[in-house]
Structure formats: C-alpha cells, structure tokens
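Notes for the one structure printed next.
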Amino acid sequence: MFLPTAGPTGHRQYIEYLFLVPYDLRKFTLVIVAAVGYNSVTRERVTGTIKFVLGLPSTRRDLLLGKLLSRSMILVIATGAMLLVESFLAASEFGQQYLLSFWTMGAWVLLYVIVWGAVVVGYSAIFRTGYRTLFALVGTYFLLSPNHGLWRVLVRPLFSLVFTGSWSTSVYETLATAPFWLRFVERLNPLISFWEAMRWSIHAIGPGEPAGSLVLNLFGLSVFLGFGTVPLLFGYYRFDARDLSSQPVSKQTRFRRYLRAVRTSSTSLFSRALLRAKSRTLVLFWRDIRQMFQNRVVVVGIMLVISVVTPQILQTIEPDPAFGMVGSLTILPSLFGLPTLILGVALGYRSVVGERVSKTIRIILGLPVTRHKLILAKVLSRVVGALFVLAPIFLFVEGLVILRFNRTFPLLFLTWSGLIAAFAIFWVTIAVGISAAVSSPYRSIAGCFGVFFLFSNNLGVWGWGVRPLIVTLFAGTVSGSTIRQVQDEVPLVRYLDHLNPFRAFQTVQESLFSLVGVGAEASSPSVPIVLFSLLVLLAIPSVSLHLGYKSFDNSEL
Amino acid sequence: MVVVEIQSLTKRYGDICAVEDVDLTVEQGEVFGFLGPNGAGKSTTINVLLDFVRPTSGSVSIFGINPQKDPQAAREHLGVLPEATGFYNRDTPREHLEFAIAMKRADDDPHELLERVGIAEVSDKAVGEFSKGMRQRLGLAIALVGDPDLLLLDEPLSGLDPTGAQTFRKIIREERDRGAAVFFSSHIMDQVEVLCDRVGIMNDGHLVAVDSVEELRTTTEVPFKLSLVLDSIPRDIQETLLRLDGVESVSIEGDGLTVGCSATRAKAAVVVQLDELGTTISDIRTDAPSLEQVFMETAAEVPRA
C-alpha cells in the first residue's frame with residue numbers, strides 16, 4: 001500500500017493532513033471497489049453458476065444482498081486496514097487527542113466505500129457483462145468528479161446559466177460561502193455532498209468550526225446515500241425481472257434489430273463489395289474494421305476520448321498570454337497523451353485475444369489464412385480505426401483555430417496532428433502486440449497499463465527507479481546536481497534515458513516544433529539523439545508486435 | 001488418393017498424453033467416423049490437423065501438405081467445423097457466410113447454403129439469438145463453402161435435433177457422392193453406423209481400431225446370440241455346447257436353440273459340433289453386435305492410464 005499521506009507528515013497542520021487522507025483514498029478505494037464488485041453478479045450469470053445457486057432454496061434478492069454484504073465486508077476490511085495504519089501514523093505525529101476526529105473521518109471513508117460498493121453491485125446486476133459494469137462505474141465517476149468530470153464542464157455551467165444567466169461560475173473559497181443556489185445544486189452531486197458533509201462533521205467535532213447549514217448537509221447526506229441505494233434497487237428490479245435462460249427481447253434488443261435492418265439494407269452492397277477484395281488480408285481488414293466499431297468497449301473508449309479532449313480543447317485554443325497563439329497549439333500533443341493511451345488500448349487490447357476468448361478464431365483459422373496475415377490485418381485495421389477517430393477531432397481543432405485566431409498554421413497543424421497520430425499508432429501497436437501474446441483480455445489491459453506505468457514520466461517506474469539507476473551506474477562523478485544536468489554532461493546516460501519511448505517522443509516533439517519554428521532554439525535536441533529517439537519509437541512497438549506474433553504463432557488454440 | 005495422413009502422432013500436455021502414437025489415413029471420397037469417449041483424443045487429433053494444436057512428435061498431412069508448415073495451403077482444401085467454435089453474435093448467418101465466401105474466394109450463394117442446412121428463414125437474424133443446434137447448422141454451412149475436398153467436422157451432431165441429424169446425413173452423403181472426403185468425430189454411434197465407410201476408435205489417446213463397421217463387428221470379440229432352428233434337438237446338447245470355448249449359455253425352446261457366445265470364433269465351433277452330432281440345421285441367425293457394443297468392447301480392451 002502506498003499513500004502520499006502515509007509516513008512522516010512533516011510540518012503539515014493536522015486539519016490539512018486529516019483532509020488529505022480521504023482525498024487520497026477517494027480514488028484509490030474506487031480501484032478496490034471496481035476490482036471487488038464489477039463481476040459480483042455478472043460473473044455468476046456469464047459462467048452459468050447462477051443457475052446452480054438459484055436452483056438451491058434461495059431467491060435473487062438473497063443473492064444480491066449476499067453479494068452486497070460480502071463485497072462491503074471486503075471493502076471495509078481493506079479500507080479499514082489502511083485507515084488503521086494512517087491512524088497509527090497520525091497518533092504518533094499529532095498525539096492521541098485527535099483520534100476522535102480521525103475516526104470520524106474514517107467512518108465517512110468507510111461509508112464512502114460501502115456506498116460505492118452498493119453502486120457497483122447494483123451495476124453488476126443491471127448489466128450483462130463485467131465490462132459494461134466497469135465502464136458504467138468509470139463513467140459515473142467521470143460524470144460526478146467535481147474537478148475532472150462532466151459536472152464541472154457541463155452540469156455546473158448549465159445550472160449557472162439557469163440561475164444567473166451566465167455559463168461561467170464564480171470561484172469560492174469554500175462552498176459554504178457560495179450563493180444558496182450553488183450550495184443546493186452542488187449537493188445534487190453525491191461526491192460533493194459526501195465531501196461537504198464529512199467536512200462539516202469533522203469540524204463539528206474539532207478542530208475547526210463547522211461552516212454551512214446542517215440542513216443542507218443532511219440533504220447532501222441523503223443524496224449520497226441515495227446514490228448507493230438507487231442503482232442497487234434498480235439493479236435488483238432488473239435482475240429480478242430478467243430471464244436467465246435465454247436472451248430477453250428487450251426494447252434495446254428491438255431497437256438493435258431495427259438498426260440492424262436499416263444497416264443491412266443500406267450497407268450490404270458496400271460490405272459485399274469489400275468482402276470481394278482480392279487480398280485475404282484486406283478481407284480480414286474490412287471485416288475487422290466493422291467488428292471493431294460494433295464493439296461496445298471501443299465505442300465507449302471513443303466516447304471517453306471525445307469527452308476528455310473536447311473541454312480541454314475548448315479551453316486550450318485561446319491565445320496564450322506567455323507564448324501567443326502558437327503556444328497553445330504546441331501543448332496539444334501533451335494534452336492528447338492520456339486520450340491516445342485510452343484510444344490505443346480500447347482499440348487494441350481485445351483485437352486478438354478477443355477472438356480467442358470468443359473462439360471465433362476457430363472460424364477464422366479454419367479458413368485459408370495464416371496467423372501472420374491475421375495479425376497484420378488486425379494491426380492495420382486498428383491503426384486505421386485510430387486515425388479514423390482522430391481525424392475529425394483534428395479537423396475540429398483546426399476549425400476552432402481558424403475561428404478564434406483567424407489563421408490556419410498549416411505546418412503547425414501537420415506537426416501536432418502528426419505527433420498525436422504517431423503516439424496513437426504507438427499505443428495501438430503495443431496493445432495489439434500484447435493482445436496477441438496473452439490469453440485473456442484482462443491480462444491484455446494489465447499489460448498495456450503496465451507499459452504505461454513502466455515508462456510514464458510522472459507515475460512510472462522509469463522516473464523513480466530506472467532513470468536514477470542509470471545515472472548511478474553510468475554517470476560516475478559528474479558535476480551536475482540534477483538528472484537533466486547529468487544527462488547533458490554524460491551522453492551515454494542521455495541515450496539510455498531515451499530508451500524510454502515517452503522521453504524519446506518528447507525529444508522528437510521538441511525537435512519537430514523547433515523545425516517548424518515554434519520551439520525554443522536552445523532546447524532543440526541534437527540530430528543524433530533525435531534519430532535515436534525515432535529509432536526507439538519505431539523499435540518498441542515493432543518488438544511488441546513481433547513478440548506478440550511469435551507468442552500467438554506458438555500458442556495452441 | 002490419401003487426403004489425410006497421420007503418422008506416429010503424439011501430443012502431450014505436460015505429463016498427460018492426449019494422443020499417443022496414432023497412425024491413420026483417410027482416402028478421397030471416404031466418410032470416416034472418428035469415435036471415442038470424452039477425453040479420448042479425438043478433438044486433439046483434429047486440432048492438430050487444423051494447426052490449432054502443435055504435435056509433440058509425429059506428423060500429419062492434408063493432401064500431402066503439412067498444416068504446421070503451410071496452414072493456408074492445407075486450409076484451401078478444407079471445410080471446417082471445429083468443436084465449440086464461436087460466432088460473431090451480432091452478425092447474421094448471411095454475414096458469416098459472406099465472410100467465409102470472400103476468404104475462400106468462392107462464388108457460393110449464401111442463401112442456398114443456408115437453405116441446404118435448413119436455416120434460410122433466419123438468414124438475417126443475429127447469431128447471438130441462435131440455439132446450439134442452429135449454430136451447428138451455420139457452422140456446417142460455413143464448412144460447405146467453396147465445395148471443399150475434405151470436410152473436417154468435430155462433433156457435428158452435437159446439439160442437433162432429429163431433423164438436423166437427418167439433414168446432416170443427407171449433406172454428408174451428397175458430399176461423398178461429389179467426391180469429397182469427410183472426416184468427422186462423434187460419440188453418437190447410431191448416426192456414425194449408418195454414415196461411415198470406415199471408423200476409427202480412439203480410447204485414452206490410442207487408436208484402438210480402424211476398419212469398416214462390418215469388419216469391426218465380425219472381428220471384435222463382442223458377445224452375441226446365435227439362434228438356430230434344428231430338425232431335432234440332440235440329447236445332452238446343452239452340456240456339450242457349454243463345453244466349447246466361447247459358449248456362455250444355451251437355451252432350448254421347441255426346435256430352436258439359442259446360444260450365447262462371448263466371441264465370434266464360437267459360432268463356427270457350435271455349427272461344427274452340431275454337424276458332428278448329426279442334426280440338421282434348418283435355419284441359422286446371428287444377432288449382430290451394434291457399433292456401440294463393438295465400441296464398448298474395443299474401448300474396454302485398452303486399460304486407462
């Protein structure tokens with residue numbers, strides 16, 4: 001377990017420390033909630049064990065309540081253990097007189113995980129697969145997250161428009177000092193309600209003075225509890241009404257059938273023409289393009305990318321006070337860092353292993369095609385898919401640039417869009433390679449994020465482990481005190497550090513922006529290191545793909 | 001012409017031997033039934049032929065092509081229905097067939113193929129809504145695309161209702177008449193019995209018998225009953241016959257004599273004995289063992305590891 005708040009707290013104020021603990025835990029515990037609960041009911045249904053359980057003298061309500069209790073118990077034990085460690089650290093740092101306020105906070109955190117546990121068990125009863133449950137959970141958090149989610153971008157401005165006639169909301173030190181309408185509206189968000197009610201109760205116990213109305217906080221608490229109860233009840237009613245032995249013909253299914261009929265009539269000629277393609281790789285390619293965009297994970301991934309980048313683009317494409325118009329365009333590649341990762345993984349992680357798990361690989365490889373051609377078609381279709389998704393976003397950005405700046409910056413457009421496209425291709429290729437090498441989609445996702453956490457500049461093993469090790473092993477005695485200075489003095493360290501594709505990408509990015517005349521001349525990297533970086537950026541996905549293919553080729557189906 | 005050749009095929013998974021030292025050939029135009037209980041090694045053998053699984057030792061070839069070395073060339077000749085295959089649940093049977101037709105560069109009409117297997121009326125329904133039997137029929141239709149030289153079908157009868165099984169038998173006969181070879185595994189004996197020119201019996205990874213159904217019946221040591229009608233019943237006939245090797249029971253009913261034999265060789269011995277006793281045999285009838293009896297007897301001969 002690692003929490004930034006754990007360990008020596010230095011000269012931090014107790015109250016500041018006390019709020020940092022739930023701040024850290026609110027996301028960390030969600031990972032545990034997702035891991036513990038996302039498959040709680042769906043797994044029983046997918047594996048068919050539910051028929052065994054319900055064949056015994058038990059009801060669906062018993063099953064759901066049992067799931068809720070067992071998952072809540074695991075969550076409470078796991079979170080409680082973390083809180084125990086924290087309380088020990090807090091007592092040794094600040095003394096035992098604060099334990100009451102600490103455990104008041106602790107009780108709120110435990111309630112937080114129980115409520116999220118109810119949400120995830122409810123979702124698991126609503127949705128047919130674990131994936132949908134996971135996406136619903138992530139989507140819920142993304143909708144409600146006060147700082148990063150749609151709440152800030154969409155819901156809050158919408159309410160602001162209703163109450164004040166303006167899209168923009170003023171910033172307040174605390175919610176307690178905000179106008180009444182905002183204090184009320186914000187408490188419709190259960191995560192904000194939770195936070196405000198916790199803050200109020202901790203201050204009521206001390207230290208500090210409670211700010212804000214008790215009634216509003218009680219209302220907020222009921223919203224927060226309702227946030228857990230509603231999905232659970234809805235999940236129960238859906239689960240109770242569902243036929244477990246066959247596919248029910250729901251409104252959704254009817255709607256899908258209607259869409260299928262429309263699609264069949266409009267595209268069958270087109271798809272037939274494509275399937276008459278001369279090359280079998282091309283047949284597989286077109287087939288996979290269609291399959292890819294029918295996949296819900298891919299669709300959700302694309303929607304996630306669009307919803308993450310759109311607000312950021314709208315905020316970014318403004319003349320930068322420090323660097324002018326081009327300044328805002330040069331940060332676009334870093335703005336797309338996480339979205340391209342999401343896109344690449346969503347498009348690639350099931351590409352091969354999905355066929356294996358669903359056993360459709362037996363149909364494909366029963367036809368005249370080799371495994372090599374299959375991998376080739378997969379990587380081509382997924383790369384084209386990524387570009388197909390990114391192209392409209394690029395055009396949207398360029399349209400915004402023309403609208404706001406009255407200029408086109410064609411060279412700069414090619415540079416930033418090329419960089420983003422290259423990064424997306426990098427992730428797609430990595431994901432397809434991993435997908436070919438493993439035997440389950442979960443491992444594929446884990447592999448992709450493992451690569452990310454290995455190389456990520458901020459979060460990764462490279463930053464705190466590999467890079468310092470390289471410096472220690474190869475730098476010897478140099479005068480530079482920072483890693484950057486050491487790299488400037490010792491070329492070997494610089495090259496070794498560029499084995500990290502993110503670092504290599506950064507170097508290529510700097511050199512390209514410098515080439516089109518928008519980067520700082522002084523920071524322009526040397527030609528050999530740029531060429532080395534390009535080599536690394538080509539080599540890593542190629543190696544991933546090659547190893548994936550080799551593993552797939554040797555695997556038994 | 002040999003279409004399938006398996007030589008000394010062995011496949012091990014760690015300490016478990018799924019297939020051991022199997023030799024087998026299938027000829028052009030032949031319907032070959034591959035029998036055996038669950039876990040006997042049938043599917044593993046077929047998976048090796050399809051290059052889904054790699055052999056530990058030995059070799060296989062399809063039309064002289066090693067599927068491990070040139071899988072595409074081998075699959076050019078094949079129509080395949082693998083066991084427990086998946087389908088694209090959101091796609092229709094027509095879309096599955098269009099894909100297979102494009103991959104095989106054939107010019108079949110999807111509707112005709114679906115009609116042939118009896119699911120033409122659901123050609124535009126999503127496969128996700130299909131029953132197991134309908135999926136089997138679709139799998140068979142995919143296997144038929146491009147008039148393959150060899151149909152390789154793993155448990156094709158699994159999940160089929162009687163109408164489906166009848167359709168399957170009709171198609172297999174048509175394919176044989178066309179000149180294609182059919183190699184299929186099954187544990188539904190009565191279906192195999194009426195379809196196959198030859199059968200191979202797998203048990204515990206070993207190929208314990210390969211022959212035509214008729215030959216297997218006559219050569220296998222399967223208990224059977226011999227019914228004889230005599231002009232007169234000799235005295236002490238029961239004691240005399242029971243002394244013969246392979247005779248287990250003798251019963252008399254009027255002029256009829258029913259002899260229970262444990263082995264085929266006992267039949268000749270009974271007839272010779274009756275001749276020596278001077279009685280006239282006016283009728284003789286043997287209740288031939290079913291393929292299931294042959295299978296059970298043959299399988300029992302190889303002790304499980």
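Each chain gets a letter, A, B and so on, in the order the sequences are listed, and its residues count up from 1.
The stretch residues 22-33 of chain B places none of its residues near chain A, where near means some heavy atom under 4.5 Å from a heavy atom of that chain. Taking 4.5 Å as the heavy-atom cut-off, the residues of residues 56-73 of chain B that approach chain A are B:Pro71, B:Gln72, ordered by number. Scanning residues 131-154 of chain B against chain A with a 4.5 Å non-hydrogen threshold yields B:Ile142, sorted by number.
With sequence neighbours excluded, no residue forms a ring-ring contact (aromatic ring centres under 6.0 Å, His included) with A:His546.
Residues A:Ile364 and B:Phe99 have side chains in contact (heavy-atom distance under 4.5 Å, counting atoms from C-beta outward). The shortest side-chain heavy-atom distance between B:Arg75 and A:Leu367 does not fall under the 4.5 Å cut-off. Looking at heavy atoms from C-beta onward, A:Arg362 lies out of side-chain contact with B:Leu50 at the 4.5 angstrom threshold. In this structure, B:Phe87 and A:Lys359 have side chains that are not in contact, with every pair of non-hydrogen atoms separated by 4.5 Å or more.
Within the 4.5 angstrom heavy-atom criterion, no atom of B:Phe130 approaches chain A. Contact annotation for A:Asn295: only backbone heavy atoms (N, CA, C, O) come within less than 4.5 Å of a heavy atom of chain B. With a 4.5 angstrom heavy-atom cutoff, A:Thr370 touches chain B via backbone and side-chain atoms both.
Here B:Tyr88 contributes atom OH and A:Glu355 contributes atom CD; the two are 3.5 Å apart, rounded to the nearest 0.5 Å. With values rounded to the nearest 0.5 angstrom, B:Arg54 atom CZ is found 6.5 Å from A:Asn554 atom CG. The distance from atom CG of B:Asp91 to atom CD of A:Gln291, rounded to the nearest 0.5 Å, is 4.5 Å. Separating the OG1 atom in B:Thr85 from the CG atom in A:Leu365 is a distance of 10.0 Å, to the nearest 0.5 Å.
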Worksheet item: Is there a side-chain contact (heavy atoms from CB on, under 4.5 Å) between A:Arg290 and B:Glu95 once you walk through the steps?
Response: CA-CA 11 Å; A:Arg290 215 182 69 183; B:Glu95 285 164 338; 3.5 Å; yes
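For B:Arg116, the CZ atom sits in a packed shell: over 12 heavy atoms of surrounding residues, nucleotides or ligands are nearer than 6.0 Å.
In summary, of the residues considered (B:His77, B:Glu76, B:Arg105), a side-chain contact (heavy atoms from CB on, under 4.5 Å) with A:Pro368 occurs for B:Glu76 alone.
Checked for salt-bridge contact, B:Lys11 and A:Glu556 meet the test: a charged N lies under 4.0 Å from a carboxylate O.
In terms of heavy-atom pairs under 4.5 angstrom with chain A, the leader among B:Gly86, B:Ala100, B:Ala74 is B:Gly86.
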